[in-house]
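Chain naming here is simple, since letters A, B, ... match the order of the sequence lines and numbering starts at 1 in each. Source: prediction; values computed, not measured.
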Amino acid sequence: MDALTILRDGGDPVALARGLIGRKFLVAGAGGLIVETEAYSRDDAASHSFRGPRTANAAMFGPPGTIYVYRSYGLHWCLNIVAAPGAAVLLRALAPTHGLDVMAERRGPVPPHLLCAGPGRLARALGVTGVLDGASLFGPPFALGPGIDAPAVLTGPRIGISRDTERPWRFGLSGSRSLSRPFPKASH
DNA sequence: ACAGAGATCATCT
DNA sequence: GATGATCTCTGTG
């Protein structure tokens with residue numbers, strides 16, 4: 001199923017995670033091409049939705065297109081897009097194309113390809129914080145547009161989790177220099 | 001290149 | 001009291 005269809009009607013977070021690779025994502029005019037994502041489902045021990053709705057994860061149980069922002073390790077922000085109630089896609093990395101100056105200001109002196117190479121870095125560069133938790137992808141400050149036509153997508157295990165570690169639910173744009181980490185060899 | 005530590009806090013055990 | 005969907009800096013090889 002197409003990513004835009006899932007966002008409109010709801011659907012599989014794995015299909016959405018794969019389908020978002022190569023698309024353009026902007027927050028208030030800053031952003032770039034999505035080059036890395038991860039899927040988290042409702043019955044997934046690694047997912048924040050696994051133990052059911054809480055105050056902190058309420059947005060993850062919203063309708064498709066809801067933005068779920070959580071604080072990671074007490075200090076970073078991470079941004080998700082809801083695919084269906086309790087299921088979402090973590091945006092892990094972008095290849096910067098728009099608002100390089102603003103993002104560099106927020107991130108400090110780092111090489112351009114590292115501006116958004118990681119979920120915490122991405123949120124920082126785009127100015128994403130908890131105030132956007134629960135917002136809708138379909139309105140300002142967000143913009144999702146077309147990008148690469150038929151991207152070559154890599155698949156691999158998710159990063160930084162300790163439960164359900166075997167699910168191959170991390171996706172990346174083949175050949176991108178802006179990945180948070182390389183993919184294991186022979187992942188297609 | 002790789003390993004370890006510190007930052008920092010809401011949620012869970 | 002421990003644990004994260006992390007990042008950065010520092011020390012060593």
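- Within 4.0 Å (heavy atoms only), S180(A) reaches no atom of the nucleic acid at all.
- In this structure, dA5(C) forms no base pair with any nucleotide, since neither Watson-Crick nor G-U wobble geometry is met with both distances under 3.5 Å.
- Rounded to a whole Å, the CG atom of L79(A) is 15 Å from the C1' atom of dT6(C).
- For R92(A) and dT6(C), the shortest distance from a side-chain N or O to OP1 or OP2 is below 4.0 Å.
- At a threshold of 4.5 Å between non-hydrogen side-chain atoms, the residues L144(A) and L4(A) count as touching.
- Applying the 6.0 Å contact sphere to CZ of R158(A) captures more than 12 heavy atoms from other residues, nucleotides or ligands.
- Contact between the side-chain N/O atoms of R163(A) and the OP1/OP2 oxygens of dT3(C) is not found at any separation under 4.0 Å.
- Between the P atom of dC7(C) and the CG atom of L115(A) lies a distance of 13 Å, rounded to the nearest Å.
- Nucleotide dA1(B) is matched to dT12(C) when pairs are restricted to Watson-Crick or G-U wobble geometry with both distances under 3.5 angstrom.
- Proximity of S47(A) to the phosphate of dA5(C): no side-chain N or O atom is located under 4.0 Å from OP1 or OP2.
- Among the protein residues, A46(A) comes within range of the nucleic acid bases, having at least one heavy atom under 4.0 Å from a base atom.
- Taking 4.0 angstrom as the limit, H76(A) places none of its side-chain polar atoms (N or O) nearer than this to OP1 or OP2 of dC7(C).
- Here the separation of dA10(B) from dT8(C), taken at their C1' atoms, is 23 Å to the nearest Å.
- Distance CZ/F171(A) to CD/E38(A): 9.5 Å, rounded to 0.5 Å.
- I161(A) comes within contact range of the sugar-phosphate backbone alone, with a heavy-atom separation under 4.0 Å but no base atom that close.
- Contacts of R51(A) with the nucleic acid, taken as non-hydrogen atoms under 4.0 Å apart, involve only primed sugar atoms and P, OP1 or OP2.
- Looking only at atom types and distance, the side chain of R121(A) has no donor-acceptor partner in the side chain of S180(A) under 3.5 Å away.
- Following rounding to the nearest Å, L75(A) (CG) and dT3(C) (C1') show an atom-to-atom distance of 14 Å.
- In the displayed structure, R106(A) atom CZ is contacted under 6.0 Å by more than 12 heavy atoms of other residues, nucleotides or ligands.
- Distances shorter than 4.0 Å separate some side-chain N or O of R107(A) from OP1 or OP2 on dT8(C).
- We find that CD1 of I159(A) is positioned 8 Å from P of dT6(C), with the value rounded to whole Å.
- Across all strands shown, R181(A) has no heavy atoms under 4.0 Å from either base or sugar-phosphate atoms.
- Residues R121(A) and Y70(A) each lie close to DNA chain C; by heavy-atom proximity, the contact nearer the 5' end of the strand is made by Y70(A).
- Of the possible donor and acceptor atoms, one in the side chain of S47(A) sits under 3.5 Å from a partner among the backbone N and O of S41(A).
- Checking dG4(C), dC7(C), dA5(C) against every side-chain atom of P119(A), the shortest atom distance belongs to dC7(C).
- G120(A) comes within contact range of the sugar-phosphate backbone alone, with a heavy-atom separation under 4.0 Å but no base atom that close.
- In summary, contact between chain A and DNA chain B, defined as any nucleotide atom under 4.0 Å from a heavy atom of the protein, begins and ends at dA7(B) to dT13(B) in the 5' to 3' direction.
- Atom pair R158(A):CZ and dT6(C):P shows a separation of 11 Å (rounding to whole Å applied).
- Summarising the geometry, the separation between CZ on R124(A) and P on dC7(C) is reported as 12 Å, rounded to the nearest angstrom.
- Here the side chains of P96(A) and S178(A) are in contact, with some heavy-atom distance below 4.5 Å.
- We find the CG-CG distance between L173(A) and L20(A) to be 12.5 Å, quoted to the nearest 0.5 Å.
- With both ends at atom C1', the span from dA5(C) to dC2(B) equals 23 Å, rounded to whole Å.
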